[in-house]
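Convention: sequence-line order gives letters A, B, ...; per-chain numbering from 1. The structure presented is a predicted model; accordingly, all values stated were derived computationally and were not measured.
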Amino acid sequence: MSWPYDSMQLKVMDDNMLKVAVGEQGPQEEAGRLAKQEDILFKDVLSLQLDFQNILHIDNLWQFENLQKLQLNNNIIERIEGLENLTHLVWLDLSFNNIEAIEGLDTLVNLEDLSLSNNRISKIDSLDALVKLQVLSLGNNQIGNIMNVIYLRQFTCLQTLSLAGNPIAEAEDYKMFIYAYLPDLVYLDFRHIDEQAAKVAKIKHQYNIDELKHREAQMQAQLEDEQGQREKLAEHKLAFIEHLDGSFLFESLYAEDMEGNKLSYLPGVGEFLEAYKDKFVIICLNIFEYGLKQQEKRKIELDTFNECMQEAILENQEQGKLKVAKFEERHLQCLNAIREETELSNIEKKLIECSDDINELFNMLMMLEMQLVEQLEETINMFERNITDLVGLFVENVQSLMAQCRDLENHHHEKVLETAINYLEKILKGEMDKDLPDDVRALFVDKDTIVNAVGASHDIHLLKIDNREDELVTGINSWCTHLVDKIHKDEIMRNRKRVKEITQYIGHMQSELDNLECGDIID
Amino acid sequence: MEVLREKVEEEEAAEREEAAEQAEHAEKMERMVRLAEVSKEERILTQDELRDLEKKMMAVEIPIPAERPIINKAIIDVSKLPPSYTTNSPKEEHLLQVADNFSRQYSHLCPDRVPLFLYPLNECEVPKFVSTTLRPTLMPYPELYNWDSCAQFVSDFLTMVPLLDPLKPVVKKKEKVSPKKYAVKPPRDLTSRFEQEQEDKRQQEIQALEKKRLREEEEHLLEAEKSKPDPLHGLRVHSWVLVLAGKREVPECFFIDPLTARSYSTKDDHFLGIESLWNHRNYWVNMQDCWNCCKDLVFDLGDPVRWEYMLLGSDKPYLSLTEDYDEGMDNDDDVEYLGKEDEDKSFDMPPSWVAQIEITPEEFETRCPNGKKVIQYKRAQVEKWAPYLNNNGLVCRLTTYEDLQCTKGLEIKEWYQNREDMLELRHINRTTGLHVDYFKPGHPQALQVHSYKSMLPEMDRVMEFYEMAREDGLIKREETPMTMTEYYGGRSDFLSYRHINFGPRIKKLTQNSAESNPRPMVKITERFSRNPEKPADEDVAERVFLITEERIQLRYHCRDDYITASKREFLRRTEVDSKGNKINMTPDMCISFEVEPMEHTKKLLYQYKTMIHLKNEEKLSRHQAWESELEVLEILKLREEEEAAHTLTISIYDTKRNEKSKEYREAMERVLHEEHLQQVETQLDYLAPFLAQLSPGEKLTRWQAVRLKDECLSDFKQRLIDKANLIQARFEKETQELQKKQQWYQENQVTLSPEDEDLYLSYCSQAMFRIRILEQRLNRHKEMAPLKYLALEEKLYKDPRLVEFLKVFV
């Protein structure tokens, strides 16, 4: 930068400086007087201007939570920092500073207008969070790679871009390139983009852009695909039957089972295994289907319950509102009557009447609330019973299906054992001595070894099945308890809130009446 | 359908009938008796059957008891009627004999019963058999295709009976929802049931007493109103239409009263019995007992025990018609079809003697004779007019009265049509003086309903507007002398209601009448619907500007799960104390109640800003209220102008009334006609007579072509010469005659009377004129003849048939 800031005094962004700025830029005249009287809180400030202040570091801005517009241009800032809390920022001006890299903007999701011109930035990046960006000003920087512009394709709202004064802007093809690669752009370097030129540019770069688009589309499709799969899995997880819609569980049985894998090389075992797998997968699928159905049932149950709760609450609310409205009407008349009344004894009589009215309203509203609490409690209990039953039934049925799995495993185990022993005998007799891998052959030393090996495999399998079952059962049970707890808690919260509201309202009414009394006495 | 004659009620009905007949005759409508019949076995209805029924339905008539003098000869010009009216054909004579025979046998067998209504005298005093007075006719109006609208038309034509069109209230049926599983149980009812019952009992007793009193009163009134019992009950005769079940999806037999166009069940108490019935094919006498009115009658005309038929040939209407109707689908030739039917089925029944009914579109639109009709009802009167008859568009007026003598009017309802200001109905309540005008969509101010007692401004009045038609979304504006209430919908600022209270007008010292002196506004109340984009605590539901008290009250919307709403009140009392415009904002100027206290709203600055904003809003609201007042004045002025002008609109499709389109159409027709003439002229083939001389199919040779041309030309020359000679001859003749006359005049000049002299002079001038014209024609002919000759020659050279052969010579 050309101006001799060394000779000037550097300023630090401290409380004082901010206060002065806020005071100067805040409301004026009567409003300003009031503002001064009350002290403006930093978090109420919407716009702040701090230009030509010789600021080196951005600091002390964390209190300006609701700031929407911040001007820090014409300072000597070297790093973008300390803006993390300013999430409501829409307009940020950091031009005419000494910034070298774009950074520290990751929380500013609402930013629409960003000015970074006349800095020393050499690369456009770290802007990913700025999804609403409309205007980006990067003129007079050091951006040298034209391909860097492609990074801006992701900002669908971007309409205005300025890059003049950068090394890339001197390239012959600069404008054409940007027209072609950023087709949604309306203004480039403060000039409206001619449609004709944009068309020409598009034709010129057609090939490259098509390729780029193809890649982008592929990425997009992949992302969507993953997203879909994640959603599906989440749905299955909700039903506690994730990964049961295939052979996943079966494969997991053999995943850590060394012996089992070795044994499958035995002649005949392969066929058993195939049959076993088929049957096992069918049962898994059964569980899966059943789980989805049960999930649907639970959902319907919950929806109906919520709907009925909402209805009851709404109806109660309506009644309450009606009561309040009626009361207010009467109360207003009463107050007016009191104001107009001159006789002291009459005033007192009426005041007492009013106060009685308020008490009556309180009683009525509280009664309504108690009524609702009672009604809801009953309903909640009923729902709790039903949902517990539903979950119990689900668990029971899943357990019985799992038991079938275990039976299958036992059966398979017996068969494998039998085959293994037969084979061992044959080996011992020296009959079959062919193409067995060495590590499998190592098992067939004596009967104990082979029985142990088969048993170990069996144990692992049973353990896996048990684990899966436990996972499911605990999952659903904890879901159920959480749900019921939450419903109870919510209801309690609702009740407290309403009671608080009623007391607050009654309190206000009462104090208003008291004030009136005082006022009358003073009068 | 059958027209039945029999003794029933209502002498007046018969009288009305007569009046109607006369009116009908005046309209040159042939009276014809008719009757469509629907036979039962036709389960499947074909197009033809429908058409047939239609034909039958069309032929409308009223049978008249023979003993009554029916025809007013002064009205009907008998001489213009076709001969079938005045004479009987041999077949008809024969039929009459058969009928006479039947009648004699009948009176012999049933001496107690009234003579049959078989062959009344028609308007020419010729006896005609009733069935032959029916002539099924198909009319070109779709409205006349179904019995209800057809009967309505007939009843209008005969006597005015409008069916009232009361604005039926829409009854909303509330669906009973089955209780949901988790629906909360209703709160326990802790009130004492015993007390409730006691209370109910007491209420019921009071109600019963009240009811009894009311009933007694009513009975009293009814008795007073009840006319004396009819001494002729059961003796009166009447005729009406019976529709038999079967064809055209008619599920069961029913009656239609032609005078009121109302349908009655055959079990209706009003119909005491049936003597006989007939259609255009046959005549049946009822042999069943009518002690229980018509309730027990069986309408199976094929049953000879119950229904004695007159003609043997068509005694099975229920069985024999099917095949015929099934044949000849979509038969366009109705006449032929009818003829065939007559031939087949009722060989003994001669064709109808009456002329076909013709209803012109004008008559159809006019409906009632002269387009106007008055019907008197008990305590009510209906007047009907044809559209465009009244220049203010009035088409119907219903007046209801308090008393039987119809002197004290209660209510007037006037229906309008084709009004340019879209006025549709005006309802005037005579007792309260309330006028309610209903408008169709399209009023320049989007007015829908306007109810008022007086057209003066600042009085009680309600204006409703078509909601979407107005830019400001105003739906309704109610006014009383001291208030104005406006209802809005669909506004972007969510304003839904504005109520203005006015104070008494302050008298201005300056008596400048041109300056308006609006009433001072005391209070403006505005309500807003919920703006979903704002939190409820910041969304104002109601704001009240108490202008004289200098207070502003705000009430916010209620949050979703709350029952109380935030409130805020601004007092501006301090403003008066300070000099000039400076306002010292103090905390006691704003009293607020917040459901959920918020930090920023506690600030004076916030309150100050809100107050400044509200002050501006108040100014705006006052301005809008003032504009509303102006608008009311404007609308009232407009309404008055419209009322004074009451222009009627004419549809562009209305070819009769739309003058512009008529002119245009006529011009078009003229042009077309001229074009046609020209075309005919150009198409005149000058060669045709010469070509005809050649044998057909023969090819022209050059020699023939040349000869043809020469012949044609010489012929034309001859014609020109002939024409010249003819004109010359006429000219000479006229000249001679004139000379003779002059001679005669000179000879008798002395003796001539002045009249003769006048005659002679006028003859002379006329003759001179004729001679002059002939002279001109001759000269013109002489001029034109060579040109015409050359033109023909030219044409002949260019004629496509000759051009090949004549080319050489050119």
Query raised in the report: Does the side-chain hydrogen bond (donor to acceptor under 3.5 Å, both in side chains) test come out yes or no for B:Q203 and B:E199, once each step is laid out?
Result: CA-CA 6 Å; B:Q203 288 295 338; B:E199 180 63 27; 3.2 Å; yes

Which donor-acceptor pairs under 3.5 Å do the side chains of residues 533-543 of chain B make with protein atoms, sequence neighbours left out?
residue	atom	partner	partner atom	Å
B:D537	OD2	B:R559	NE	2.9
B:D537	OD2	B:R559	NH2	2.5
B:D539	OD2	B:R530	NH1	2.9
B:D539	OD2	B:N531	N	2.6
B:E542	OE2	B:R527	NE	2.8
B:E542	OE2	B:R527	NH2	3.4
B:R543	NE	B:E526	OE1	2.8
B:R543	NH1	B:E617	OE1	3.3
B:R543	NH2	B:E526	OE1	3.1
B:R543	NH2	B:E617	OE1	2.7

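Within the 4.5 angstrom heavy-atom criterion, no atom of B:S566 approaches chain A. For a residue to count as touching a neighbouring chain, one of its non-hydrogen atoms must lie under 4.5 Å from one of that chain's; by this rule A:L322 does not touch chain B. Looking at A:E328, the atoms closer than 4.5 Å to chain B (heavy atoms on both sides) all sit in the side chain, from C-beta outward. When heavy atoms are compared at a cutoff of 4.5 Å, A:K43 approaches chain B solely by way of its side chain, counted from C-beta outward. Interface remark: A:I380 contributes no atoms to any contact with chain B (heavy atom separation under 4.5 Å).
Of the charged side-chain nitrogens involved, at least one lies within less than 4.0 Å of a carboxylate oxygen, so that B:R622 and B:E618 count as a salt-bridged pair. By the 4.0 Å N-to-carboxylate-O rule, A:E501 lies close enough to A:R498 to be salt-bridged with it.
Applying the ring-ring contact (aromatic ring centres under 6.0 Å, His included) criterion to B:H557, with sequence neighbours excluded, gives no partner residue.
Of the possible donor and acceptor atoms, none in the side chain of B:E479 sits under 3.5 Å from a partner among the backbone N and O of B:M463.
Chain B forms the most heavy-atom pairs under 4.5 Å with one residue out of A:K500, A:K497, A:H508, and that residue is A:H508. Looking only at heavy-atom pairs under 4.5 Å with chain A, the residue among B:V595, B:T564, B:I591 that has the most is B:T564.
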